[in-house]
Amino acid sequence: MRLRRVISSVLLLALTSAAQGETGPVLVIHGGAGVIRSSMTPAIEADVRKALRNALQAGYAKLESGQPALEAVAAAVVVLENDPNFNAGKGAVFAHDGKNKLDASIMDGKSRRAGAIAGVETVRNPILLARAVMEESPFVMLAGKGAEDFAKQAGITLVQPSYFRTERRWQQLQKALADEKNPQASTDGGTHKHFGTVGALALDKQGNLAAGTSTGGMTNKRYDRIGDSPVIGAGTYADGHCAVSATGWGEFYIRTVAAHSICMRVELLKQPLAEAAEYVINKDIPTLGGDGGAIALGADGTIAMPFNTDGMFRGWVAGDGVVHVAIYPDEDESGE
Ligand code: ASP
């Protein structure tokens, strides 16, 4: 029987500003819940922490200067997409056919406008295309060639597919293909869950929320499989009270409508954000056989970051402007 470690890393921040009845800007990010502790090296850890800090600084600068939550989300996600350590943008995993097929979505809490794209192969920053779909088209979700045609029209930066080729991800695909032929020899149970999806949530000075998520999906995916990340309500959701970005085994996040479920538990069941996120991520999804994590942010500045894997790359900046990053569950989640 498979041993499942259910680890909860939940953080509640009762912001001073929130207690005073004001909302201070808050930014929360993740770089995926696919951390395998035994395969981490000090060099990778240092690199990832640096990238998380850079993303937080890029996004928080927008919030501090009074820009909307959506701007901060896009800015933070772009930094993570450009970093090969994460399974999004530059570091996207390979599909079965040896191609990188990227998915992303973004949502504005106040208006509940949303944009999403799936299966694009030449878009450097998928989060920017998702945003263009939201702002410049009458649609919410575009896929494949149509999404790329729209990207051209919208003036989104395109790259050759080879831009996304990294040796590390290529070797992960080779291993997945080899394990498929010889499952007994697999050293990781054949899971190949490189959950390095990235996401960001922001609460701006006006008290509005936004959420965004970007991914290469799952290694060795076939048949143009699409996971939860571009599915509004599953991998990404934001409304006036709550914002969520998820990372994990996408099929289970779609089946539980994970991001929306967390927010509805808060709104309709009046559950505290941490309790709602804990239930969906660490109870409902594992009960069905899935795993992963999520970040959640309330309009009062409350943050929750549950996960049930070895670790989740994550970071946040709240009203005091201090940058925090963490990877493992037992880590001191204090500022650096
Ligand atoms: N949720 C993503 C997917 O299933 C994978 C991840 O989180 O890394 O496509």
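Ligands are counted one by one from 1 in listed order, and the atoms in each one are counted from 1 as well.
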Atom indices of ligand 1, in the order listed, that fall short of 4.0 Å to a heavy atom of [X]:
{"X": "T247", "result": "6 (C), 7 (O), 8 (O)"}
{"X": "T197", "result": "2 (C), 5 (C), 6 (C), 7 (O), 8 (O)"}
{"X": "D228", "result": "1 (N), 2 (C), 3 (C), 4 (O)"}

Quiz item: Between D224 and K101, is there a salt bridge with N-O shorter than 4.0 Å?
Solution: yes
Quiz item: Should the pair E251-R225 be classified as a salt bridge under the 4.0 Å nitrogen-to-oxygen rule?
Solution: yes
Quiz prompt | Side-chain donor-acceptor pair present, T236, T213, cut-off under 3.5 Å | solution = yes
Exercise. Consider only side-chain N and O atoms of E180 and N220, and report whether a donor and an acceptor are under 3.5 Å apart.
Key: yes
May I ask you to check whether [X] has an N/O atom sitting below 3.5 Å from an N/O atom of ligand 1?
{"X": "G248", "answer": "yes"}
{"X": "E251", "answer": "no"}
{"X": "G196", "answer": "yes"}
{"X": "G250", "answer": "yes"}
{"X": "W249", "answer": "no"}

Self-check item: Any pair counted as ring pair (Phe, Tyr, Trp, His ring centres under 6.0 Å), so long as it reaches residues 136-170, sequence neighbours left out
Solution: F94-W170
Quiz item: When you look for heavy atoms under 4.0 Å from ligand 1, do you find them on the side chain of S229, its backbone, both, or neither?
Solution: side chain
Exercise. Say whether G292 and ligand 1 are in contact under the criterion: heavy-atom distance to a ligand atom below 4.0 Å.
Key: no
Quiz item: Within less than 4.0 angstrom of ligand 1, does G34 place any heavy atom?
Solution: no
Quiz item: Can you check whether P68's main-chain N or O pairs, donor with acceptor, with D204's side chain at less than 3.5 Å?
Solution: no
Quiz item: Can any side-chain N or O of T309 pair as donor or acceptor with the backbone N or O of G292 at less than 3.5 Å?
Solution: no
Self-check item: Evaluation steps, side chain to side chain contact (heavy atoms under 4.5 Å, CB included), between N82 and K90
Solution: CA-CA 5 Å; N82 292 345; K90 174 75 184 150; 5.6 Å; no
Quiz item: Taking the minimum heavy-atom distance to atom 9 (O) of ligand 1, which of M218, M312, K221, R225 ranks first?
Solution: R225
